[in-house]
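Below: the structure, in structure tokens.
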Amino acid sequence: MTTTPRPIAALDAELERSVFDQPINTHLQLAVALQTASGMRAFAINTPNDDVINITRDGLIQILIGSNVWQSISDFQVYLQQASGDSSICIVCTGTHAELATLPEYISNSPDIQLLGLPLHPSALYPIVHNIYNMQTLLRYERNSSLEVQESSQAVKHIMSISRELNGERDIPKLLDLILLKAREITNADAGSIYTVDSPTNRVQDGSIQFHRTQNHSIRQNLSTFSLPVNEKSIVGSACIHAVSINIQDLYQLSEDPEKNPYGARHDKTWDQRIGYQSHSMLTVPMFDISHNIIGVIQLINRKKDRESKLTSPESFTEQVIPFDERDQEMAEIVAQQAGIALENANMHQNIQDLFDGLVTASVTAIEQRDPTTSGHSHRVAALTVGLAEVINKCDSGIYQATFFNDDQIQEIRYASLLHDFGKLGVRENVLTKAKKLYPSELERLFMRFELIHATLEVDYLRKVIQYLQSPDQFPMGANPYTFEYEKNQKIAELDEYLRFINKANEPTVLEQGGFEKLKDIANLTYRNLKNERHPYLLSEELKALSVSRGSLTREEFAEIQSHVVHTYEFLRKIPWGKKLANVPQIAAKHHEKLDGSGYPHAAQVNEIPTQSRMMTIADIFDALTAKDRPYKKAVPVDRALDIIEMEVKGGKIDSDLFKLFCEAKVYEPVLDPNFKSNI
């Protein structure tokens, strides 16, 4: 206690009568003995009243209470309350052994209350007081050690928690925000900024410092990203160059001459004045990667006494802002170490992601270069399928209201859609790009044959004319060169008609009624070449190709095109997608399967077709119908395309609920925009 000492009543008279080798029998004699006992000079003796003695040393207090006080519960309660929760106070009840025998049970059984029995020889007084003091000292040390251990334990748990949070975040902008937030939390910093270092070499001086994020609990700030050179003209630059934490207690106390400040620090107060803020205490901590290269810097501003207080007035800065201490710096450095590793991991993850995206993009480019007629198809199908997935995520009714695709599943859908035609790399290029029923080389050969037939008709005509002029009597009555020319012209006209029909049949449209029979008739016609050998007008493979009733592909060629789905699966399953993207091959491989089992390549049943594949089926058919870049067909209007898909839905081939969502949300509108550019 801190009350002013006062003399005990009759103290002087008692001193005169004291014989210091006589036993101490009363509380009054005890007070006198304490004032004069050898060794007690290190203790402050204080007597608030006749029945209470305070003995103080190093902030530890012993309160010696006489029987007149502790025998009164109400009087004694005052001291019990004073000592309650305060381990620096020790209560000592004094009295004769007979009096102490009458102590209430709650006092005698309390381990926190000491007893001092009288009479007591003066020589024992100092050891008793000193022993109690030692006990208090040990208790305080134990308490402080326990608190330190507890605080350390809590700090370790907090750091581990922060480490888990940081290493669990792969999105770099979010990670930078999280790093700065956790560093501010653990140091009670009101504000802060975070920077990354971009250097082409291992020398930090060769790079630049990129400002990314700022946070301020007291005011709003909207700062654009900017870049700084790595030099000692800024505190951040100095922290990078020297690879140390820089702790400045008060920027406002820095000298105007930077040479006199640590690390040449300077502070431009005009920025504070512009935003209505004061930057006083500052802690700048570098972040290192696993190779101990600096990859970023955390800068913390204004450590506060009260975490929740806001610095909105000059007085609040004076009352609340304090310097960052050693523990703050130590904790911030630990966070920075964890943050550096997390940031390096995130950067590596991003690099791997960029590399993978680049490989996917290159693969799509290879597919489209192999089949230029479908340029943009993969990106449009991906945009349509992902768009439908996002619609499903917002669906609050129907059978898909419980379906939700997380970020990894959206990525899985994106990759599967982009690579759904990857297997076309295993299909012959001339089959992929076949725009008409006959290949260009086949059509050219057919034209040359018909030119030859035309030439043989001319030769036959001229031969007849010569023979007639040499031996007219060998020809029937009425035959003459004019009749020969008429016959020739009739045959040439028929030949031209055959060629026109063949050109028409070569188009990838529906073969007209009777067309197959007419083609067969043409194929049955023969001509003689210059060697007088018989040859058909149409070869068997030409007849087969021209007889295709719809499209441009023969049955074998169509089967080869269909095989691209098998190739897609075989190619994609060799890629180590990992757990999060494991379904990419399966989703891509089943986009041509139909719910009624009529699809290909495996005629899969309804329960074997993933929802993602069903979504892609709709996207693939829609784009194939509406695409304007197909040379073998005209683009179908949107309404007509939706009607065609609707017929497939009614036929039980396509998921009706997915198609309904596709139509209602008009998922297709973005890809129909002439300026559509995929961001997939």
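Index from 1, following the sequence. For the numbers below, each heavy atom of this structure counts, side chains included, while hydrogens, waters and symmetry mates do not. Source: prediction; values computed, not measured.
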Hey, mind stepping through L120 and I128 against side chain to side chain contact (heavy atoms under 4.5 Å, CB included) and telling me if it holds?
-> CA-CA 10 Å; L120 177 70; I128 292 173; 3.7 Å; yes
Could you walk me through whether I113 and F76 pass side chain to side chain contact (heavy atoms under 4.5 Å, CB included), step by step?
-> CA-CA 12 Å; I113 299 176; F76 190 51; 4.2 Å; yes
With side chains defined as the heavy atoms from C-beta onward, is the minimum distance between V197 and I295 less than 4.5 Å?
-> no
Correct closest heavy-atom pair for I209 and P229 would be CD1-O, 4.1 Å
Straight-line distance of S218 OG to I301 CD1, nearest 0.5 Å | 12.0 Å
Where I194 and L180 come nearest, the two heavy atoms and their spacing | N-CD2, 4.2 Å
Quick check: does any side chain N or O of N261 sit under 3.5 Å from a backbone N or O of G264, one acting as donor and the other as acceptor?
-> no
Is I73 atom CD1 crowded by more than 12 heavy atoms from other residues, nucleotides or ligands, each under 6.0 Å away?
-> no
With sequence neighbours excluded, residues passing side chain to side chain donor-acceptor pair (under 3.5 Å) with R203 = D206
Interatomic spacing from CG in L125 to CE in M40 - rounded to 0.5 Å = 6.0 Å
Is there a donor-acceptor pair under 3.5 Å between the side chain of T187 and the backbone N or O of D328?
-> no
Please name the pair of heavy atoms, one in P286 and one in A243, separated by the smallest distance, quoted to 0.1 Å.
-> CG-C, 4.1 Å
Minimum side-chain heavy-atom gap R307-H217 below 4.5 Å = no
Heavy-atom distance under 4.5 Å between the side chains of Q62 and Q136, does that happen here?
-> yes
Could you go step by step and tell me if N302 and H280 meet the side chain to side chain donor-acceptor pair (under 3.5 Å) rule?
-> CA-CA 6 Å; N302 288 341; H280 286 277; 5.7 Å; no
Taking everything shown except M135 itself, do over 12 heavy atoms lie less than 6.0 Å from its CE?
-> yes
Roughly how far, to the nearest 0.5 Å, is the CG atom of L311 from the CZ atom of F317?
-> 4.5 Å
For residues T284 and I248, determine if any side-chain heavy atom of one lies less than 4.5 Å from a side-chain heavy atom of the other.
-> no
Counting distance only, does the side-chain N/O of T137 pair as donor-acceptor with the main-chain N or O of Y133 below 3.5 Å?
-> yes
Counting only heavy atoms not in Q249, do more than 12 sit closer than 6.0 Å to its CD atom?
-> no
How long is the span from the OG atom in S72 to the CD1 atom in I65, to the nearest 0.5 Å?
-> 11.5 Å
One should read off an interatomic distance between I179 CD1 and L343 CG, to the nearest 0.5 angstrom, of 5.0 Å
Is the backbone of D306 close enough, under 3.5 Å, to the side chain of Q320 for a donor and an acceptor to pair up by distance?
-> yes
Close side-chain approach of L28 to D50, heavy-atom, < 4.5 Å | no
What pairs of residues pass the ring-ring contact (aromatic ring centres under 6.0 Å, His included) test when at least one of them lies in residues 324-345, not counting sequence neighbours?
-> none
Parallel, tilted or perpendicular, as decided by the 30° and 60° cut-offs, for the rings of H292 and F288 | parallel
Verify side chain to side chain donor-acceptor pair (under 3.5 Å) between Q329 and E333, making sure each step is shown before the conclusion.
-> CA-CA 6 Å; Q329 182 170 327; E333 288 173 348; 3.2 Å; yes
Any salt bridge between D325 and R303, counting N to O under 4.0 Å?
-> yes
Donor-acceptor pair, T214 side chain versus G192 backbone, under 3.5 Å?
-> yes
Step by step, would you call N345 with H349 a side chain to side chain donor-acceptor pair (under 3.5 Å)?
-> CA-CA 6 Å; N345 289 339; H349 181 271; over 6 Å; no
Anything under 30° is parallel, anything over 60° is perpendicular, the rest tilted; go ahead and classify Y252 against H267.
-> tilted
Check whether any side-chain heavy atom of S279 sits under 4.5 Å from a side-chain heavy atom of W271, and report yes or no.
-> no
L30 and L116: side chain to side chain contact (heavy atoms under 4.5 Å, CB included), yes or no, with the steps?
-> CA-CA 10 Å; L30 179 62; L116 182 59; 3.9 Å; yes
Does the side chain of N68 reach to within under 4.5 Å of the side chain of H27, using non-hydrogen atoms?
-> no
Q409 side chain to N406 backbone, donor-acceptor under 3.5 Å = yes
Closest approach of S67 and W70, non-hydrogen atoms and distance?
-> CA-NE1, 3.1 Å
Above 12 or not: heavy atoms from other molecules or residues under 6.0 Å from CD1 of I290?
-> no
Presence of salt bridge, E185 and K182, under 4.0 angstrom | yes
K233 backbone acceptor or donor facing R266 side chain under 3.5 Å = yes
Looking only at side chains, do Q350 and D354 share a donor and an acceptor under 3.5 Å apart?
-> yes
Check whether any side-chain heavy atom of T26 lies under 4.5 Å from a side-chain heavy atom of L118, and answer yes or no.
-> no
Taken to the nearest 0.5 Å, the spacing of I132 CD1 from L60 CG works out to 12.0 Å
Main-chain N/O of I107 paired with S110 side-chain donor or acceptor, under 3.5 Å | no
Sidechain-backbone polar pair: S291 side chain, N293 backbone, donor-acceptor under 3.5 Å = no
For L103 and L115, what are the C-alpha separation, side-chain angles and deciding distance, and is it a side chain to side chain contact (heavy atoms under 4.5 Å, CB included)?
-> CA-CA 10 Å; L103 275 170; L115 304 179; 3.3 Å; yes
Which atom pair, heavy atoms only, marks the closest approach of F405 to N393?
-> N-OD1, 2.7 Å
Contacts of Q215 meeting side chain to side chain donor-acceptor pair (under 3.5 Å) (sequence neighbours excluded), chain-then-number -> R184
Heavy-atom pair of closest approach, residues K260 and S255 | CD-OG, 3.7 Å
Would you confirm whether E412, through its side chain, and N583, through its main-chain N or O, come within 3.5 Å as a donor-acceptor pair?
-> yes
More than 12 heavy atoms of other groups within 6.0 Å of D407 CG = no
